[in-house]
There are 2 protein chains.
Amino acid sequence: MGSKERINRHKENIRCNILRAALAIGKGSGWNSVSMRKIADSIEYSPPAIYEYFNSKEALLQELARLGFLQLSERINQARNNSDNDPKAQLLLMWAAYWDFAFAEQHLYQIMFGVETTCCDINEPLTDSQVPAALFSEVIGLLVGQVEKAGEIIQKYYYACWSFVHGLISINLIGRHLPQKISEQILTEAISGIIDTLIAPGNNLSKEPYIEEV
Amino acid sequence: MGSKERINRHKENIRCNILRAALAIGKGSGWNSVSMRKIADSIEYSPPAIYEYFNSKEALLQELARLGFLQLSERINQARNNSDNDPKAQLLLMWAAYWDFAFAEQHLYQIMFGVETTCCDINEPLTDSQVPAALFSEVIGLLVGQVEKAGEIIQKYYYACWSFVHGLISINLIGRHLPQKISEQILTEAISGIIDTLIAPGNNLSKEPYIEEV
DNA sequence: ATAGCTTTATTAACAGTGTAAAGGTAGGAG
DNA sequence: CTCCTACCTTTACACTGTTAATAAAGCTAT
């Protein structure tokens, strides 16, 4: 009486095909163009058949995101296990693993954290979206002074601050709320810290920008 | 012959109403539920009428985002002008202005930077999406040691690193590419810097976590 | 003033979306 | 062999963005 298991295996197989199809379409043409009908077409079933396996499109994508989290966790774990016992080295490798995952599986990362990539693809120079960068860069420039490669340094520090602020905002907006007070504390401390490395006399920006030399 | 101007004023007025209606719906029920028909309903015109003013829904939302950038720039500028001439103090206030804008106008911020908030609203404890946090926290814990309020400190450092990494990834995915090499450089330097403040003996985490005491 | 043209808006329609309800069909259980 | 359950399909509904055809209004020039 292994027929039950065979059927279960079969169902599991279809479920897996659905997920694979959705991911393939998402990777190929972006998440916006993923539709139940296209998935159904791809697995050669009728659209409502999918609802035997997932309650909604939302649930389907969420399951895909969940698998993404499993994969991400696996990579982070590997990074730790493949390194020696120094916690700092471990952390660096673990974050590098996180980083690598995000780009290797960028489509998964998008649904995991709701990063819309179709929004404002303003790549032309001097649009309104680039005014903030200009404003910040000007003031950062005052701290950097007239050194060599000032432009590069300013850009680097601007992106460092921006990444931090934008990341913290995104995480808050997505719903993983820290208490606002803690977020703001993290914010000001981090920005202040980054700025201090700019001010520090004799700083060697390209090596250890976020800590004074001992 | 001021009729031409009167007409232009009228058109500009309608255009503005369209934008206002879209923003109102977006604020009220989320951007996903903004539709041309609802906008049309709201301004008491037929749906295709909107296409006299905007080439597409995409263009409409992009214009809304553009106005958001103007507003953001304005706030950053004000923050600078309202402070004294110390660049560091200015930068702190400018980033605080950026932060405040993001939450005061969070719906605008969403379309400006493509932050989907409807994605994975996993607030239950111990889901797969929280495994990465646990992995990192464990290693951070090794650095923190058995001090008082270790949990809080770990959380704070985890969120600091995560914000940074996620922000940098998001910015790259959105399309404002820095050369990958520079991004990775910023990444490792920042993480390393944050970690070092943990390791530093006698560190005073709540005051100056990202720089050693002189 | 009237003819014609431009602008502005409408209605109708197309192709696509997620999803629910109803119906059929096959396979296992009694 | 009958019944029942699980699976799947067809049909349908209420939406979506967008286009084509059309009508009405207003300005311009004869």
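Per chain, numbering begins at 1; letters A, B, ... match sequence-line order. The structure displayed is predicted, hence computed values, not measured ones.
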For B:Ser192 and A:Lys88, which I'm curious about, is there any donor-acceptor pair between the side chains at under 3.5 Å? yes

Considering every strand and a 4.0 Å limit on heavy-atom distances, what is the contact class for B:Phe54: base, sugar-phosphate, or nothing? nothing

Please indicate whether [X] has more than 12 foreign heavy atoms, meaning atoms of other residues, nucleotides or ligands, lying under 6.0 Å from its [atom1].
X	atom1	answer
A:Asn82	CG	yes
A:Asn13	CG	yes
A:Asp86	CG	yes

With distance as the sole test, does B:Trp31 use its side chain to make a donor-acceptor pair with the main-chain N or O of B:His107 at under 3.5 Å? yes

Please report, rounded to the nearest Å, how far the [atom2] atom of [N] is from the [atom1] atom of [X].
X	N	atom1	atom2	value
A:Ile39	D:dC8	CD1	C1'	17 Å
A:Arg9	D:dC7	CZ	C1'	18 Å
B:Ile50	D:dT19	CD1	P	13 Å
A:Asp41	D:dT10	CG	P	12 Å
B:Lys11	D:dG26	NZ	C1'	14 Å

For nucleotides 17-21 of chain C, print each protein N/O atom paired with a nucleotide N/O atom at under 3.5 Å, atom names and distance only.
unit_1, atom_1, unit_2, atom_2, d
C:dT17, OP1, A:Ser35, OG, 2.9
C:dG18, OP1, A:Met36, N, 3.2
C:dG18, OP1, A:Lys57, NZ, 3.1
C:dG18, OP2, A:Met36, N, 2.9
C:dG18, N7, A:Arg37, NH1, 2.6
C:dG18, O6, A:Arg37, NH2, 3.0
C:dT19, OP2, A:Tyr51, OH, 2.8
C:dT19, OP2, A:Lys57, N, 2.9
C:dT19, O5', A:Tyr51, OH, 3.1

Heavy-atom contacts under 4.0 Å between residues 14-23 of chain B and DNA chain D, which residues? none

Flag the pair A:Tyr109 / B:His166 as yes when their ring centroid distance falls below 6.0 Å, and as no otherwise. yes

Could you walk me through whether B:Asn17 and B:Arg20 satisfy the side-chain hydrogen bond (donor to acceptor under 3.5 Å, both in side chains) test, starting with their C-alpha distance in whole Å, then the side-chain angles of each, then the deciding distance to 0.1 Å, before giving a yes or no? CA-CA 5 Å; B:Asn17 282 345; B:Arg20 255 203 294 268; 3.1 Å; yes

Is A:Glu63 salt-bridged to A:Arg66, going by a charged N under 4.0 Å from an acidic O? yes

